[in-house]
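Counting starts at 1 for both ligands and their atoms, in listed order.
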Amino acid sequence: MPQNIYDEPIFFEGYKNLRQADTGLNGALEMPALRELLPDLAGARILDLGCGFGDFARHARSIGANSVVALDVSQNMISEARKLTDDASIDYICHSIEGYRPSSEGFDLIVSSMALHYVEDYKAVVNIVYGSLTAGGKFIFSVEHPSCTANPIGWLRDEDGLPTNWPLDRYQDEGIRQTTWFVDDVLKYHRTTETYVSVLLNAGFRLDHFKEPKPTEQALTERPSLSINLRRPPVLLLGATKQT
Ligand SMILES: C[S@@+](CC[C@H](N)C(=O)[O-])C[C@H]1O[C@@H](n2cnc3c(N)ncnc32)[C@H](O)[C@@H]1O
């Protein structure tokens, strides 16, 4: 059973405020980098794993996708996504990524933004994804970077509170981590970059993209504090194709 921390009221309030004020890394860094990797979506059938408020689903439809199945384990996130969407070709489903078994019909693109580090069995998900794509279909996803999930204690700071360094530790010790984000005991799963890539290759994918996105120039100008993300990579972004 996944944790479903986005249905915890204090966490949800904090996360919603972060996204509404756009003070996180999504708009400044992760979303533009992921969208750059998208193939032509005209007519595409898409699955979004961990869709949150449905931003990607609406974007995909606005640039020509045929339909999007968007799933999330959090009822709060799905309810917000439904409120923000007026489109019968987006199907929001409240379901865990781990337990979801798509119909055999096939997707042309499966996307997941910043959700798979909450999933314990990454390999099982990759195999389901592979089986649910059409030949030549794409799997594009981002996760919290392994240099952040390995030892999630955040920046070490000097007596003035300025960040001195980001301690990397327990890198090869894959598995569960308890972290604090809005609330204590948020569970995430650490994997090495090697695991993220080799599981894709072993499933039969061809790796197309391996990215560690930086804040855009525009984002750095508007929010100079984002430059801290040049000191360690916050996000890992991968793109792969199901080989024919
Ligand atoms: C950081 S948010 C990202 C939301 C969205 N993809 C975006 O980029 O705006 C992570 C999302 O993954 C969902 N999530 C986490 N673990 C999940 C799981 N095991 N199954 C389905 N959804 C999950 C959360 O409920 C949350 O909405």
Whether the Q172 and T192 side chains hold a donor-acceptor pair (N or O, under 3.5 Å, no angle test) is what I'd like checked.
no
T195 and Y122: side chain donor to acceptor below 3.5 Å
no
Would you say [X] has any N or O atom under 3.5 Å from an N or O of ligand 1, going by distance alone?
| X | answer |
| --- | --- |
| M114 | no |
| I97 | yes |
| E98 | yes |
| R19 | yes |
| V73 | yes |

Should the proximity of C51 to ligand 1, defined as any heavy atom under 4.0 Å, be assigned to the side chain, the backbone, both, or neither?
backbone
Quick look: Y15 vs ligand 1, heavy-atom contacts under 4.0 Å, and the answer is side chain
Quick one: nearest non-hydrogen protein atom to [atom], plus distance?
| atom | answer |
| --- | --- |
| atom 15 (C) of ligand 1 | Y118 CD1, 3.6 Å |
| atom 5 (C) of ligand 1 | G50 O, 3.4 Å |
| atom 1 (C) of ligand 1 | Y6 OH, 3.0 Å |
| atom 12 (O) of ligand 1 | A115 CB, 3.5 Å |
| atom 13 (C) of ligand 1 | D72 OD2, 3.3 Å |

If you apply the rule side chain to side chain donor-acceptor pair (under 3.5 Å), what do you find for T149 with R177, and how did you get there?
CA-CA 7 Å; T149 55; R177 299 291 191 271; over 6 Å; no
Numbered atoms and elements of ligand 1 in range of [X], under 4.0 angstrom, heavy atoms:
| X | answer |
| --- | --- |
| S74 | 25 (O) |
| P2 | 19 (N) |
| H95 | 21 (C) |
| M77 | 27 (O) |
| S113 | 3 (C), 5 (C), 6 (N), 8 (O) |

Any idea how W166 and W155 line up, ring-wise: parallel (<30°), tilted (30 to 60°), or perpendicular (>60°)?
perpendicular
Atom pair SG (C51) and CG (D72), whose distance is rounded to the nearest 0.5 Å:
4.5 Å
Can you hop from M114 to L38 via hydrophobic side chains spaced under 4.5 Å?
no
Should the pair K242 and Y130 be classed as cation-pi, given the thresholds of under 6.0 Å to the six-membered ring centre and 45° from the axis?
yes
Looking at F12, Y118, F11, which one forms a ring pair (Phe, Tyr, Trp, His ring centres under 6.0 Å) with W181?
F11
Measuring centre to centre across the rings, with the benzene-like ring taken for any Trp, is Y171 within less than 6.0 Å of H190?
yes
So does F107 get a backbone contact from the side chain of T134, meaning a donor-acceptor N/O pair under 3.5 Å?
yes
Looking at D22, is its backbone amide N or carbonyl O close enough to the side chain of N26 to form a donor-acceptor pair, meaning the two atoms are under 3.5 Å apart?
no
